[in-house]
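Written below as structure tokens is the structure these notes are about.
Atoms within each ligand, like the ligands themselves, are counted from 1 in listed order. Numbering of residues begins at 1 and proceeds along the displayed sequence.
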Amino acid sequence: MPAAGRVVVVGQGYVGLPLAMRAAEVGFDVVGFDVDRVRVDRLAEGDSYVGDIGAARLAAALTSGRYRPSADPRDLADFDLAVITVPTPLRDGAPDLSYIEDAARLLAAHLRAGACVILESTTYPGTTDELVAPILQEGSGLVPGADFHLGYSPERINPGDPNATLEGTPKVVSGIDAASLARVQAFYDEIVVRTVPVSGTREAELTKLLENTFRHVNVALVNELAMFAADLGIDVWEAIDAADTKPFGFMRFEPGPGVGGHCLPIDPSYLAWKVRDELGAPFRFVELANDINDFMPEYVVRRLGAGLHDRGRTLEGARVLLLGLAYKPETGDAREAPALRIAERLARLGASVRAADPYVVDEVHGLDPAIGLVRVDLDPDEVAAADAVVVVTPHAAFDLEMVVTHARYVLDTRRRVPAAPNVEHL
Ligand SMILES: NC(=O)c1ccc[n+]([C@@H]2O[C@H](COP(=O)([O-])OP(=O)(O)OC[C@H]3O[C@@H](n4cnc5c(N)ncnc54)[C@H](O)[C@@H]3O)[C@@H](O)[C@H]2O)c1
């Protein structure tokens, strides 16, 4: 039997849009609410700005009549269940929960007895019951638990990875009480293959931060190892490949130019902030991982400078072609991307910087416009004209064989290019 009920997804970004699509597909009547009118207009016209949601899927949801994008708060009226998927950035190193607060205030004005609100945004433990619950109560006059259900369920999407679907990935669910948990779980049982209940919202909030901190710390470990190995003259990639043959007790992580996106550079700091705020203690693993991963773009620039020096060139005046601006392959998401820091640093050192990225089509936010980054298509002339080509984000669309054939010097930060006299790996 198809699911039924009015669902509102507040925030139609990388997380909210896929959820809204899936909810409409299983039978809910969905309002995809966003404060960004331009985004809402694009969605209404069938123009998806989220790489994982193709035009055909969006069109099918729109024509089904079960998905309606909206920037009009009146469309929130009479919702049965609302999910908050708004950004949770850092501002000056501290969590910025203002988007969640705004979303909760908005929902409070439309909250009815018997409805359910679920937070999905990544945040520190305590946000659902300490921040969201009081805002909903104050704005609605209804009591969380007694009058409406409230829960937290972290998102696990992996943008750009077609194998990691929302529906195929187990989802952790929680509620502020048993009835809320049952309601939240019942909703996601319609959405995903398996739900994983935990005893409280704080455990669910911590689960998400644990997952991302684990990744962040392990990426930092191999990054630091890669830097030492280069100085020791040892091939770190070969060691990683060899260690990866161990069937237990080892998990593969790869070095790279630094971490980006909305998760690794930010989420662990939410946890570190909470630990420092409540316990007065530093979360040393997170701080160390931040130090190492933040240094990687600078390290790439230093390696490039050394590589150019070996070839009788200097960074100053060099023409450098960056391959990939997005923070990971097969996405157009350049938020916090290390490529931006690399481009800025190179430009400040006097290099002329060009970049090819077929996925990053919108304006790149967070990049200093003064550096005059030139966006180009990847072709043999562009490669041959560069003093150095840096593989930052190895999108499958890049013809790396062509790059090696025509490049004078390639610095490959991800070891996607086979070894050759003109190729160096990080
Ligand atoms: N992108 C990921 O891979 C990923 C994975 C897991 C979790 N998350 C978490 O999910 C949350 C959302 O991330 P995202 O990547 O989808 O962000 P996003 O920037 O892609 O989308 C957020 C959307 O929310 C809208 N918005 C902001 N304030 C709003 C408000 N008050 N009401 C309605 N809409 C509002 C924005 O206009 C934007 O369209 C964050 O907490 C993030 O950490 C992201």
Side-chain angles (χ1 to χ4, degrees), residues 8-21 31-44 47-53 69-76 79 82-91 95-110 117-124 127-128 131-132 135 139 152-161 164-166 169 171-172 192 204-205 207-213 215-216 259-271 326-337 362 365-366:
V8 169
V9 181
V10 183
Q12 291 292 276
Y14 289 93
V15 170
L17 184 59
L19 175 66
M21 292 292 99
V31 171
F33 181 83
D34 203 292
V35 287
D36 184 336
R37 276 178 192 281
V38 175
R39 287 195 145 190
V40 168
D41 288 346
R42 282 180 70 173
L43 291 174
D47 174 16
S48 170
Y49 43 80
V50 171
D52 292 344
I53 301 297
S70 172
D72 184 347
R74 287 174 297 188
D75 286 328
L76 302 179
F79 71 81
V83 187
I84 300 174
T85 58
V86 295
T88 43
L90 285 172
R91 206 164 298 282
D96 174 3
L97 298 182
S98 61
Y99 299 90
I100 292 183
E101 289 168 2
D102 288 349
R105 268 192 289 273
L106 197 70
L107 289 173
H110 300 277
V117 176
I118 304 167
L119 180 63
E120 274 209 15
S121 300
T122 304
T123 183
Y124 58 72
T127 306
T128 306
L131 183 81
V132 176
I135 294 175
Y152 181 82
S153 177
E155 187 40 70
R156 280 174 165 167
I157 57 162
N158 191 18
D161 177 358
T165 59
L166 166 64
T169 307
K171 205 161 189 325
V172 173
V192 299
E205 290 159 335
T207 302
K208 173 73 189 175
L209 297 180
L210 168 62
E211 290 168 8
N212 282 351
T213 303
R215 190 164 167 70
H216 188 52
V259 296
H262 201 287
C263 294
L264 294 203
I266 294 170
D267 300 351
S269 296
Y270 262 66
L271 191 50
Y327 82 94
K328 65 189 275 193
E330 319 325 325
T331 82
D333 188 352
R335 293 180 295 183
E336 317 280 334
D362 294 332
H365 296 287

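Residue-level proximity to ligand 1 for Ser121 is carried by backbone and side chain together, each with a heavy atom below 4.0 angstrom. With a 4.0 Å heavy-atom cut-off, ligand 1 is reached by no atom of Val50. Contacts between Arg39 and ligand 1, counted as non-hydrogen atom pairs separated by less than 4.0 Å, involve the side chain only.
Using a 4.0 Å cut-off to heavy atoms of Asp102, the atoms of ligand 1 that qualify are 31 (N). Close approach of ligand 1 to Cys263 (heavy-atom distance below 4.0 Å) involves ligand atoms 4 (C), 5 (C).
Of the possible donor and acceptor atoms, none in the side chain of Lys208 sits under 3.5 Å from a partner among the backbone N and O of Val172.
Summarising the local packing, CZ of Arg105 is surrounded by more than 12 heavy atoms from other residues, nucleotides or ligands at distances under 6.0 Å. Heavy-atom contacts from other residues, nucleotides or ligands closer than 6.0 Å to CZ of Arg42 number more than 12.
Among protein heavy atoms, atom 37 (O) of ligand 1 sits closest to Asp34 OD1, 2.6 Å. Nearest non-hydrogen protein atom to atom 33 (C) of ligand 1 is Val10 CG1, 3.4 Å. If you check which protein heavy atom lies closest to atom 24 (O) of ligand 1, you get Gly11 CA, 3.4 Å. Here the protein heavy atom with the shortest distance to atom 9 (C) of ligand 1 is Thr122 OG1, 3.3 Å. Nearest protein neighbour of atom 12 (C) of ligand 1, counting heavy atoms only, is Val86 O, 3.5 Å. From the protein, the heavy atom lying nearest to atom 42 (C) of ligand 1 is His262 ND1, 3.3 Å. In this structure, the protein non-hydrogen atom closest to atom 19 (O) of ligand 1 is Arg335 NH1, 3.3 Å. The nearest protein atom to atom 41 (O) of ligand 1, hydrogens excluded, is given as Thr88 OG1, 2.5 Å; this is a heavy-atom distance.
One side chain, Asp96 or Ser98, offers a donor N or O that lies under 3.5 Å from an acceptor on the other.
A heavy-atom separation below 4.0 Å is found between Lys208 and ligand 1.
Between Ile157 and Tyr14, the shortest heavy-atom distance links the atoms CD1-O, 3.2 Å.
Among Leu97, Val15, Leu107, the residue whose heavy atom lies closest to atom 8 (N) of ligand 1 is Val15.
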